[in-house]
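Working notes for the structure below.
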Protein chains: 2
Amino acid sequence: MRPSRFDHWPCQIARSADLLGDPWVPMILRECTYGVSRFDEFQQRLSIGRNILSTRLARMVEQGLLEKEPYQDHPPRHRYRLTAKGHGATLILAAMVRFGDDFLFEQGRSPIVLRDRETGRRLRPIVVDEATGEPLDPANVVPAAGPGFPGGARLAREWFQPTQADERSSS
Amino acid sequence: MRPSRFDHWPCQIARSADLLGDPWVPMILRECTYGVSRFDEFQQRLSIGRNILSTRLARMVEQGLLEKEPYQDHPPRHRYRLTAKGHGATLILAAMVRFGDDFLFEQGRSPIVLRDRETGRRLRPIVVDEATGEPLDPANVVPAAGPGFPGGARLAREWFQPTQADERSSS
DNA sequence: CTAGTGAGTTCCAAGTTGGAACTCAATGGT
DNA sequence: ACCATTGAGTTCCAACTTGGAACTCACTAG
């Protein structure tokens with residue numbers, strides 16, 4: 001059957017995963033941050049099949065991550081550029097870079113670093129709590145029902161307290 | 001043909017995308033943070049096919065995101081739990097939550113919020129630069145060759161300066 | 001002796017992937 | 001005028017993946 005879609009699940013993670021849940025999409029976004037914008041350039045740099053690239057770009061445009069902008073008429077040509085939403089998604093890529101630094105490559109052997117485009121200063125992404133500036137401690141962060149959670153409080157309680165309350169039952 | 005693998009590309013984004021580049025994987029990680037750990041519980045909460053779940057869990061164990069731990073012998077039973085690496089990956093989920101807040105749901109209508117497990121305080125994830133604490137401005141962040149970039153400086157320069165230097169050519 | 005639970009495996013039709021070849025339109029030599 | 005090239009795709013097809021349903025196996029509870 002067709003792969004499941006997640007774009008209507010009431011969950012930011014599900015919907016983001018629906019957008020980025022194909023490895024080519026982060027790759028294309030990465031290329032965009034370098035300034036790549038033309039079909040053949042994507043195709044050659046990523047060694048992606050032209051048909052695959054074609055469907056991916058179309059989907060990303062439809063989803064609002066990229067926009068397709070003509071830059072010349074007579075041989076009709078266009079470029080693909082990041083939208084604000086697409087730029088927003090690159091922060092997820094930044095989190096991936098950090099994850100890679102921490103868990104996928106040896107200390108100091110990362111192939112890529114992030115830099116400030118203007119000053120060239122190295123940037124080390126880290127996910128913190130906006131209010132306190134404290135780094136999030138993954139083991140201590142739990143999703144909970146938010147204002148847009150469908151179905152009311154009882155459902156929320158059921159959903160977020162799986163049958164096994166075997167670990168922490170207080171409160 | 002089989003989907004391309006990215007787990008040997010010299011790039012943190014590519015390798016992370018290889019791990020998370022299937023929407024089920026973020027979903028399973030999300031469930032783990034709620035405390036879900038048993039096969040059937042994943043299966044029912046996500047409505048994922050048992051065969052798919054089976055292969056995903058096995059792959060995630062192999063990749064070191066989860067560990068499979070027996071918790072009883074006689075009917076042999078086990079649970080799946082996040083490893084340190086798995087917990088690290090949840091920071092990417094936190095970035096997805098933020099992206100969803102900013103671009104996928106109306107202000108104040110997000111289905112999910114993150115909370116401190118102990119205090120219950122709401123946490124708003126944001127990606128900042130570790131050194132300055134300044135939020136990353138996506139439009140101003142560019143990937144560049146890092147210490148582990150293969151192939152030396154000339155290759156790096158070629159790679160990170162696509163043919164079109166049409167936008168910013170200084171420095 | 002029957003029903004139920006946990007944890008999978010097997011089966012299969014329908015859908016997706018990716019490499020190669022093909023199209024089309026316009027421009028650049030020669 | 002003719003041929004090659006570039007940009008941007010489409011078309012084709014065999015191999016592989018997905019997911020729903022049914023099946024297995026090992027115990028436990030009634």
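Just so it is clear, the structure is predicted and the values come from calculations on it, not from any experiment.
The distance between atom CG of N51(A) and atom C1' of dG19(C), rounded to the nearest whole Å, is 8 Å. Distance CD1 (I52(A)) to C1' (dA15(D)): 13 Å, rounded to an integer number of Å. Between E41(A) atom CD and dG7(D) atom P there is a gap of 9 Å when expressed in whole angstrom units. As rounded to whole Å, 14 Å separates atom P of dG4(C) from atom CD of Q44(B). Whole-Å rounding puts the L53(A) CG to dT10(D) C1' distance at 13 Å. When the C1' atom of dT23(C) is taken as reference, atom CG of D40(A) falls 14 Å away, rounded to whole Å. The separation between Q43(A) atom CD and dG19(C) atom C1' is 10 Å, rounded to whole Å. As a whole-Å value, the separation of L66(B) CG from dA7(C) P is 14 Å.
The side chain of D22(B) lies closest to dT18(D) when the candidates are dT5(C), dT18(D), dG20(D). Of the candidates dG6(C), dG19(D), dG7(D), dG6(C) carries the atom nearest the Y71(B) side chain, counting heavy atoms from C-beta on. Comparing dG9(D), dG18(C), dG15(C) by their closest approach to the side chain of P3(A) singles out dG15(C).
At the phosphate of dG7(D), neither OP1 nor OP2 sits under 4.0 Å from any side-chain N or O atom of H78(A). Note on W24(B): a side-chain N or O is less than 4.0 Å away from OP1 or OP2 of dG19(D). For dT17(C), the OP1/OP2 oxygens have a side-chain nitrogen or oxygen of R56(A) closer than 4.0 Å. Note on S4(B): a side-chain N or O is less than 4.0 Å away from OP1 or OP2 of dG18(C). The side chain of S54(B) contributes no N or O atom lying less than 4.0 Å from OP1 or OP2 of dG8(C).
Put simply, the side chain of Q12(A) never gets that close to the backbone of S110(B): no donor and acceptor are under 3.5 Å apart.
The residue among T55(B) and R50(B) whose nearest nucleotide of DNA chain D lies closer to the 5′ end is T55(B). Judged by closest nucleotide on DNA chain C, F39(B) is the one of G49(A) and F39(B) placed further toward the 5' end. Each of P75(A) and R5(B) lies near DNA chain C, and the nucleotide nearest R5(B) is the one positioned closer to the 5' end.
Few gaps surround CD on E69(A); more than 12 heavy atoms of other groups in view lie less than 6.0 Å from it.
Aromatic ring pairs are classed by plane angle as parallel below 30°, tilted from 30° to 60° and perpendicular above 60°; the pair F99(A) and F103(A) is tilted.
With respect to K85(A) and D102(B), no salt bridge is recorded, no charged nitrogen being found less than 4.0 Å from a carboxylate O.
If one axis is set at each end of the helix from dC1(C)-dG30(D) to dT30(C)-dA1(D) from five pairs, those axes are 0° apart, to 10°.
Membership of an apolar cluster is not assigned to V142(A), as no side-chain contact below 4.5 Å to another ILVMFWY residue is traced.
Here the straight-line distance linking atom CG of L136(B) with atom CD of E130(B) works out to 11.0 Å at 0.5 Å rounding. Here CE of M96(B) is found 10.0 Å from SG of C11(A). Values are rounded to the nearest 0.5 Å.
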Audit row: R124(B), D101(B), salt bridge (Lys or Arg N to Asp or Glu O under 4.0 Å) steps and yes/no: CA-CA 10 Å; R124(B) 279 192 180 71; D101(B) 292 340; over 6 Å; no

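Contact annotation for Y80(B): backbone-only contact, meaning every heavy-atom pair under 4.0 Å involves sugar-phosphate atoms and none involves a base.
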